[in-house]
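Let me begin by presenting the structure, written as structure tokens, before commenting on it.
Remember, it's 1-based here, ligands and their atoms both numbered in the order they're listed. Throughout, residue positions are numbered sequentially from 1 according to the sequence presented.
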Amino acid sequence: MQQPTGFDVAVVGAGPIGAATARHLADQGAHVLIVGPAEPPDYAGHDGVWSGHYDQGRLGHILEVPLVASLLAARSIRRFGELTERTGVEFTHPVHSLAVMPAALDGREPSEWFDLGRLKRNAEDVGHPVEHLSAARLRDRYPGLTFEPGHECVVQRDALIVNPRGLTAAELTAATAAGATLVRDEITAITAEGPGRRLTARSGSSWTANTVVVATGASTNAGGLLPRRLAMDTFGATVVLVEVPDPAAVELPAIMYFKQRGQKLLYGGIVMSPLRYPDGRWYIKCSGDSLLGNPLTTRDEISAWVRTGGSTDDIAPTLTLLRELLPAETAAAFGQARVRPCLVSSNHTGHPYIDHADENLIVVVEGERGVMAADELGRLTASLASTGRWSDGIPHQLFQAEWL
Ligand SMILES: Cc1cc2nc3c(=O)[nH]c(=O)nc-3n(C[C@H](O)[C@H](O)[C@H](O)COP(=O)(O)OP(=O)(O)OC[C@H]3O[C@@H](n4cnc5c(N)ncnc54)[C@H](O)[C@@H]3O)c2cc1C
């Protein structure tokens with residue numbers, strides 16, 4: 001008879017999704033190891049993997065396409081309150097979430113993403129009341145904001161800003177309280193050993209487990225831990241932070257803004273209500289213009305990107321965007337603008353990957369909504385890892401990985 005290995009399941013990657021996977025496994029009574037580096041203190045001299053969640057705010061809403069993305073977010077978000085109660089870690093606060101875009105896209109069919117009707121129907125299908133505001137009603141409801149003429153919106157008034165660092169801390173707190181072992185290290189190899197796997201870390205430590213879950217986010221292909229490369233793209237994204245001295249003086253909901261003038265796309269990204277950052281200051285956060293302009297493939301490329309600290313070229317267009325959007329007195333009070341490096345990825349299928357790479361190696365990756373949906377993606381992955389089979393009502397086909 002083959003010998004049992006050290007852990008039932010080892011989760012590689014302690015970001016929102018890995019942490020959620022570990023906590024659901026631990027809640028089920030599994031003997032769980034979770035391994036991932038803590039957030040590095042700075043960028044200069046950085047050598048290693050990076051993450052998509054080193055920030056203070058991510059949208060948590062059900063204004064999504066396709067419908068399954070709204071459903072995953074809804075399932076996840078409804079457990080956030082219970083997670084806070086259980087751990088004492090606060091990581092959400094309420095916000096209006098607006099999806100703003102031209103009523104009709106000049107000269108082209110609306111893409112799947114930028115389609116107000118579809119966003120509204122999806123939200124309603126998962127049971128959330130949202131409202132479609134014409135350009136005139138958008139002006140009436142948010143009189144301090146100046147959107148591009150002819151732009152309309154769908155608004156979800158019970159949306160959340162989710163602090164991704166806080167969410168991760170809450171999941172890890174719950175996981176370790178339920179018996180999971182957390183180790184701060186980077187895994188460099190996963191090899192076959194007996195009926196299970198051996199994990200080896202940069203520090204030289206090593207462990208065995210019956211099943212390994214790789215939850216390493218946008219770094220997944222660069223890590224080389226899987227037998228094949230996943231069909232996904234990874235980008236070095238820049239986040240622009242614009243300081244505001246008094247957040248109470250800035251009336252700004254969270255906005256997914258697709259700003260178009262004639263045939264020209266002027267902005268396509270997220271503008272966040274003011275958030276307090278670890279330096280104690282308040283900033284409006286925007287995704288920078290170069291979001292998908294900086295493809296990265298290897299660990300060395302990721303490290304080199306992080307060391308740049310982000311693209312300062314994104315500052316000027318962001319300030320133009322905010323000066324057009326916000327009242328002149330708010331813009332006049334802007335403090336300094338800074339950039340931060342972030343990693344973002346997208347799967348070629350447009351859906352999360354939750355799948356076996358082989359018999360006892362599972363991968364989970366969601367690049368774009370992996371904070372709002374983290375707890376549900378973790379639950380689904382934990383179920384696959386502990387039982388070896390798919391048992392959810394959403395067909396597994398949707399989450400099957402595509403390999404290169
Ligand atoms: C600018 C921007 C805006 C976004 N906006 C939103 C939003 O509004 N709402 C939303 O839901 N999502 C948003 N996202 C996406 C979201 O941040 C990601 O989907 C989410 O972070 C993915 O979580 P994860 O745990 O899979 O990956 P990550 O957060 O990247 O965490 C993966 C972890 O794995 C670790 N790791 C990597 N390699 C190894 C290794 N070899 N060994 C051990 N550990 C390893 C990393 O250090 C990291 O901590 C945004 C992303 C960006 C960049």
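Contact between G367 and ligand 1 is present, with at least one heavy atom of the residue lying under 4.0 Å from the ligand.
Counting heavy atoms of neighbouring residues, nucleotides and ligands inside a 6.0 Å radius, atom CD of E251 does not exceed 12 of them.
Note: no N/O pair closer than 3.5 Å links D185 and ligand 1 by distance alone. Remark: ligand 1 and E366 share an N or O pair separated by less than 3.5 Å (distance only, no angle test). Any N or O atom pair closer than 3.5 Å counts here, and K285 shares no such pair with ligand 1. Residue-to-ligand polar distances keep C342 apart from ligand 1: every N/O pair is separated by 3.5 Å or more. Residue-to-ligand polar distances keep S219 apart from ligand 1: every N/O pair is separated by 3.5 Å or more. Considering both main-chain and side-chain atoms, A218 never comes within under 3.5 Å of ligand 1 through any nitrogen or oxygen pair.
In the model, T349 has no side-chain atom that pairs as donor or acceptor with a side-chain atom of H351 under 3.5 Å. A donor-acceptor contact closer than 3.5 angstrom links the side chains of H61 and E64.
Under 4.0 Å from ligand 1, heavy atoms of T216 appear from its side chain as well as its backbone. Contacts between F235 and ligand 1 below 4.0 angstrom, taking non-hydrogen atoms only, are absent altogether. In V35, the part holding a heavy atom less than 4.0 Å from any atom of ligand 1 is the backbone.
Around atom 7 (C) of ligand 1, the closest heavy atom drawn from V162, I187, L72, L59 belongs to L59. Which of G15, A222, P37 comes nearest to atom 31 (O) of ligand 1 through a heavy atom is settled by distance: it is G15. The nearest non-hydrogen atom to atom 24 (P) of ligand 1, considering only P16, G57, P164, comes from P16. Across I17, T234, V239, V12, heavy-atom proximity to atom 26 (O) of ligand 1 is greatest for I17.
Residue E186 has at least one heavy-atom neighbour below 4.0 Å for each of these atoms of ligand 1: 40 (C), 41 (N), 42 (N), 43 (C). Per-residue contacts place W50 under 4.0 angstrom from the following atoms of ligand 1 (heavy atoms of the residue considered): 46 (C). The ligand atoms of ligand 1 that sit less than 4.0 angstrom from a heavy atom of G36 are 43 (C), 44 (N). Using a 4.0 Å cut-off to heavy atoms of L225, the atoms of ligand 1 that qualify are 41 (N). Near Y54, meaning under 4.0 Å from any of its heavy atoms, are these atoms of ligand 1: 47 (O), 49 (O). Short contacts between ligand 1 and G52, defined as distances under 4.0 Å to a heavy atom of the residue, involve ligand atoms 17 (O), 21 (O), 28 (P), 29 (O), 30 (O).
If you run side-chain contact (heavy atoms from CB on, under 4.5 Å) between V154 and each of D115, N122, L116, V100, only L116 comes through. With E376 as the partner, the side-chain contact (heavy atoms from CB on, under 4.5 Å) test is satisfied by one option alone out of H24, R79, R78: R79.
The pair R121-E124 does not meet the salt-bridge criterion, since no charged nitrogen lies less than 4.0 angstrom from a carboxylate oxygen. The pair D392-R75 counts as a salt bridge, with a side-chain nitrogen and a carboxylate oxygen less than 4.0 angstrom apart.
Pairs passing the side chain to side chain donor-acceptor pair (under 3.5 Å) check and including a residue from residues 161-174, sequence neighbours excluded, read R23-E171, E39-R165, Q56-R165. Sorted by first and then second residue, the side chain to side chain donor-acceptor pair (under 3.5 Å) pairs with a member in residues 234-248 read E243-R281; sequence neighbours excluded.
Counting heavy atoms from C-beta on, the side chains of V212 and L225 never come closer than 4.5 Å.
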Test Y142 against F147 for ring pair (Phe, Tyr, Trp, His ring centres under 6.0 Å), laying out the working first. CA-CA 10 Å; Y142 300 96; F147 292 103; 7.6 Å; no

